[in-house]
J.: 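Dumping the structure here so I can ask a few things about it.
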There are 4 protein chains.
Amino acid sequence: MSSPVHSRPRVEGEREEQILDAAVRLLLEVGYDRLTLDAVALEARASKATLYRRWRGKAEIVVDAIARTKRCGGSVDPDTGTLRGDLMAMACCDGGLTDDAPLSVVAGLMSAMKHDHELTRAIQERFLAPRIQIGRIVFERAQRRGEIEPDVDIELLFDVLPGMVMNRRLVLGKPVDEDFIAHVIDDVVLPAARRSSPAVPTHTSNREEIWNVS
Amino acid sequence: MSSPVHSRPRVEGEREEQILDAAVRLLLEVGYDRLTLDAVALEARASKATLYRRWRGKAEIVVDAIARTKRCGGSVDPDTGTLRGDLMAMACCDGGLTDDAPLSVVAGLMSAMKHDHELTRAIQERFLAPRIQIGRIVFERAQRRGEIEPDVDIELLFDVLPGMVMNRRLVLGKPVDEDFIAHVIDDVVLPAARRSSPAVPTHTSNREEIWNVS
Amino acid sequence: MSSPVHSRPRVEGEREEQILDAAVRLLLEVGYDRLTLDAVALEARASKATLYRRWRGKAEIVVDAIARTKRCGGSVDPDTGTLRGDLMAMACCDGGLTDDAPLSVVAGLMSAMKHDHELTRAIQERFLAPRIQIGRIVFERAQRRGEIEPDVDIELLFDVLPGMVMNRRLVLGKPVDEDFIAHVIDDVVLPAARRSSPAVPTHTSNREEIWNVS
Amino acid sequence: MSSPVHSRPRVEGEREEQILDAAVRLLLEVGYDRLTLDAVALEARASKATLYRRWRGKAEIVVDAIARTKRCGGSVDPDTGTLRGDLMAMACCDGGLTDDAPLSVVAGLMSAMKHDHELTRAIQERFLAPRIQIGRIVFERAQRRGEIEPDVDIELLFDVLPGMVMNRRLVLGKPVDEDFIAHVIDDVVLPAARRSSPAVPTHTSNREEIWNVS
DNA sequence: CAATAAACGAGACGGTACGTCGAGTCTTCCT
DNA sequence: AGGAAGACTCGACGTACCGTCTCGTTTATTG
């Protein structure tokens, strides 16, 4: 037969995006651990073999999926002029900390990360790294502006907001809205930014990976 | 009368404890998502039917298991005289924030919580509630001592440490040791404790549960 | 408390009958292999322990149940004056070959008999033996009357009707009514009765039990 | 090219045959009701999912298994020239009435047939139908030869031997050997064949199915 | 008539098989 | 040549039933 009902895209990467779109669609519908690869394959009119040809498993597909779609929260520098403005902008945009989708997905991936170091690396590189990069830029700029004391550990400060959001949303099950973000920024981050750390020296074991502890 | 080879305990909850002990044992060996109920049943010389008679599934057994074994980090008030001392004591003891086991388990349960509200309630009541209770006591005492400014939101402050520990350990994959705990306490919690919140009013939607949003 | 709502009968055999009645009731409802002992215990307001105190298992309870309730087909000699009349009377009464209940139960017990020789013996003694006894009386009387040739093997003749009924009902799934019984008697049993066996000598291995072949 | 360790057959039905072979092997070892599908799956290096993809349950697998392996007793017309010879040949060959295996399996299936009409149909079509077909041919030929009186009901006659064999083997637990077969043929089947049915008209409800009576 | 031992109801338990589901692999056919 | 389709193995899931066992109570029999 000569007229194919639906053409099969062959351009490298185009098919990939369609599959990831399907994954995202289902991810938002049913969440990470209700997501099945059969469903992804069906939704994308793809074969499971194709999925496993490009990714190592369910977790990596999902990592790619969320890394691709929600970029603004991690990869755009808002540069509003103040640290508070930057943090609010980063947290409250689509794909930011107030967005439930990436948060839930990260929750689903957490236990898988314990055993799968490849997956961990993938998450680090594709999802975390860009966000951390922007975070560092924002905080360093604020420090240069004098909003953060010179001796404050920026690395630590940047993790306050994500950590507290995760805890609130995933552990406590409470909503994360702009009010909460502002609350944390105003009452935890900014106070910590303006007060230099006391006698205790900078934490030394800061960078060590421990994922390889079995 | 001949002595029975393996006595069948009938005292209320005794069998339950044996099963949960087996669950804990395996949990520490293989982690949450490598844990199978068949293995628990085998380890406890129990039948799967018995497990399902008492619990609704793997997640609830695990909740009970960790809630029963690791108590000191949540249910003992150290009362060292200072907020810093109390927080360090709570975090660094067995079952505290530096203990990998409960952290990993919580990670495994997170995605299950999205769909299973019974499980969520179980975790809230059995695992979180006692720890939160002690935390509140510690922080209120510190506030009465003047270590925390009167208008600081204690609820928020208490979530800083768990949130940042989770983020570091489960997301970033970095180790959580006493140094890190001290770093967070000294450079984030205590500064935030001593500085009253600025213009922004107290976050209003603080208590709302959102687990019921499908 | 002094007024028991329902008294517990202790007279030996009375409780037994109540239990067997319950078993019969359920047997007719759901059939042999859908029957569970929990259901019997519940129906009889008895404990499973009681059941296992008196019987060795499900199969034996069922054997007792059918052996007790359906007696007329096996233990009453109709003595109508003719072989045909006797056979019709035996087959068409309640508990006889046209009665579905005992037939179905026997079907359910068949595969259990392969492995359980105690059960086999129980069925032989409690269910089969009385019927065979009456059958032999009826056939011997007919032979004395001359309705059956003197050299015909009565044992074989008596098994024609049960065998063909079982085959029709249980294997072919066709109904067994009086017409069919009459058809078999008139066209198979009686012709065989009036014609002496030819050259072939009487089958010698007639009585050997083979249930003990593993 | 490297030779695959265990080739995965994809030719239609080939995998099916391997599974059924395994089922037959285990069936002969342990019998019908000791047979487990896990064992079949293990023996065939198959997954239970595969079994349930092709069959609806244990009973249907077994039906297919016995229908496939034991054909000679049912699907080969011996045509020895005499009714007696034909019957002896059919009964005494492998898979015939003297073969214990199919008999035991039928016994195991009987009670399942009460509830499962799909299974009943499967047995009828796959196992019984071919045997009945050959039986009819043999008897019709004998009737044309004059060995059976013209007005004798062939259908009834053909069921004498299977019925009596089943009764002897499964109910009475006695062995079925060539002697017994000959005894039945000579003393029951052949006398009935040569004597026309008396007054009683042909049984009218002969064909009705009653499996649907709940 | 009270004490005692046997028998009982209730039902939890270990064990085993069931039938289902999803992950990841592999083969065949089609485009 | 490469992808869609989907069958396949593996292994965990949650359920059901059997036969055993323990517990606390009732009953019949003794002192």
Side-chain angles (χ1 to χ4, degrees), chain A residues 1-2 4 6-10 15 33-39 41-42 44-59, chain B residues 4 6-12 15-16 19 33-39 41-42 44-58, chain C residues 1 4 6-12 15 33-39 41-42 44-59, chain D residues 4 6-12 15-16 19 33-42 44-58:
Chain A
M1 195 176 295
S2 57
H6 41 271
S7 67
R8 193 149 9 130
R10 191 64 71 90
R15 195 76 191 89
D33 47 0
R34 301 281 194 227
L35 179 74
T36 70
L37 291 195
D38 293 82
L42 189 65
R45 302 194 62 86
S47 152
K48 276 207 291 177
T50 304
L51 303 188
Y52 281 98
R53 218 172 280 128
R54 296 193 194 274
W55 296 277
R56 287 194 330 108
K58 170 179 173 176
Chain B
H6 47 272
S7 68
R8 196 111 49 95
R10 199 49 74 94
V11 182
E12 184 63 35
R15 194 75 190 85
E16 205 164 299
I19 292 170
D33 46 0
R34 301 282 192 227
L35 180 75
T36 70
L37 291 196
D38 292 83
L42 191 65
R45 296 195 61 84
S47 125
K48 273 201 295 176
T50 300
L51 304 188
Y52 284 100
R53 215 174 282 125
R54 294 191 192 277
W55 297 277
R56 288 191 331 106
K58 170 179 171 178
Chain C
M1 196 173 295
H6 39 270
S7 67
R8 190 141 21 124
R10 189 60 75 90
V11 181
E12 186 65 33
R15 193 76 190 90
D33 47 0
R34 300 281 194 228
L35 180 73
T36 69
L37 290 196
D38 293 82
L42 190 65
R45 300 194 63 86
S47 151
K48 275 205 294 177
T50 303
L51 303 188
Y52 281 98
R53 226 172 269 130
R54 296 194 194 274
W55 296 276
R56 287 194 331 108
K58 170 179 172 178
Chain D
H6 46 273
S7 68
R8 194 111 50 97
R10 198 51 74 92
V11 181
E12 184 63 34
R15 194 76 190 88
E16 205 164 300
I19 292 171
D33 46 2
R34 301 281 192 227
L35 180 73
T36 70
L37 291 195
D38 293 82
V40 173
L42 191 65
R45 293 195 63 84
S47 130
K48 275 202 293 176
T50 301
L51 304 189
Y52 283 99
R53 211 175 288 124
R54 294 191 192 277
W55 297 278
R56 287 189 333 105
K58 171 178 171 178

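Residue numbering restarts at 1 for every chain, and letters A, B, ... go by the order of the sequence lines.
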J.: Which part of the nucleic acid, if any, lies within reach of D:I19 when heavy atoms closer than 4.0 Å are counted: base, sugar-phosphate only, or nothing?
T.: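 No contact.
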J.: Residues two or more places apart in sequence or in another chain: which of them pass salt bridge (Lys or Arg N to Asp or Glu O under 4.0 Å) with B:R56?
T.: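 Scan of B:R56 (salt bridge (Lys or Arg N to Asp or Glu O under 4.0 Å), adjacent residues dropped) gives B:E60, B:D116.
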J.: Figure out the CG/C1' separation between C:L37 and E:dA10, and round it to whole Å.
T.: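 Answer to the nearest Å: 16 Å.
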J.: Closest-nucleotide mapping onto DNA chain E: is D:S47 or A:R53 further toward the 5' terminus? I mean the 5' end.
T.: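 Between the two, 5'-proximity favours D:S47.
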J.: Hey, does C:L42 reach any base, or is it just sugar-phosphate, or nothing, if we go heavy atoms under 4.0 Å?
T.: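 Answer is nothing: C:L42 stays at 4.0 Å or more from every strand.
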J.: Under 4.0 Å, counting only non-hydrogen atoms across every strand here, what does A:A41 touch: a base, just sugar-phosphate, or nothing?
T.: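 Counting heavy atoms under 4.0 Å across all strands, no contact is made by A:A41.
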J.: Rounded to whole angstroms, how far apart are CG on C:L51 and C1' on E:dA10?
T.: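 Computing the C:L51:CG to E:dA10:C1' distance gives 12 Å.
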J.: I'd like to know if C:K48 reaches the base of F:dG19 with its side chain such that a donor and an acceptor end up less than 3.5 angstrom apart.
T.: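 Result: at least one qualifying N/O pair found.
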J.: Taking salt bridge (Lys or Arg N to Asp or Glu O under 4.0 Å) as the definition, give me every residue that meets it alongside D:K58, ordered by chain and number, with sequence neighbours left out.
T.: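 With neighbours one apart ignored, the set is empty.
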J.: Which comes earlier along DNA chain F counting from the 5' end, the contact point of B:T36 or that of C:K58, where each point is its nearest nucleotide?
T.: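 Checking each residue's closest nucleotide, the 5'-ward one belongs to B:T36.
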J.: From F:dC17, F:dC8, F:dC13, pick the nucleotide closest to the side chain of C:D38?
T.: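 Of the candidates, F:dC17 comes closest.
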J.: Starting from C1' on F:dG14, measure out to CZ on B:R56 and report it in whole angstrom.
T.: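 Interatomic distance, CZ of B:R56 to C1' of F:dG14: 12 Å.
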J.: For D:T50 and F:dT9, is the shortest distance between a side-chain N/O and OP1 or OP2 below 4.0 Å?
T.: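 True: D:T50 side-chain N/O within range (under 4.0 Å) of F:dT9 OP1/OP2.
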J.: Name the closest nucleotide to the D:A46 side chain, picking from F:dG6, F:dT9, E:dG9.
T.: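 Shortest atom-to-atom distance from the side chain points to F:dT9.
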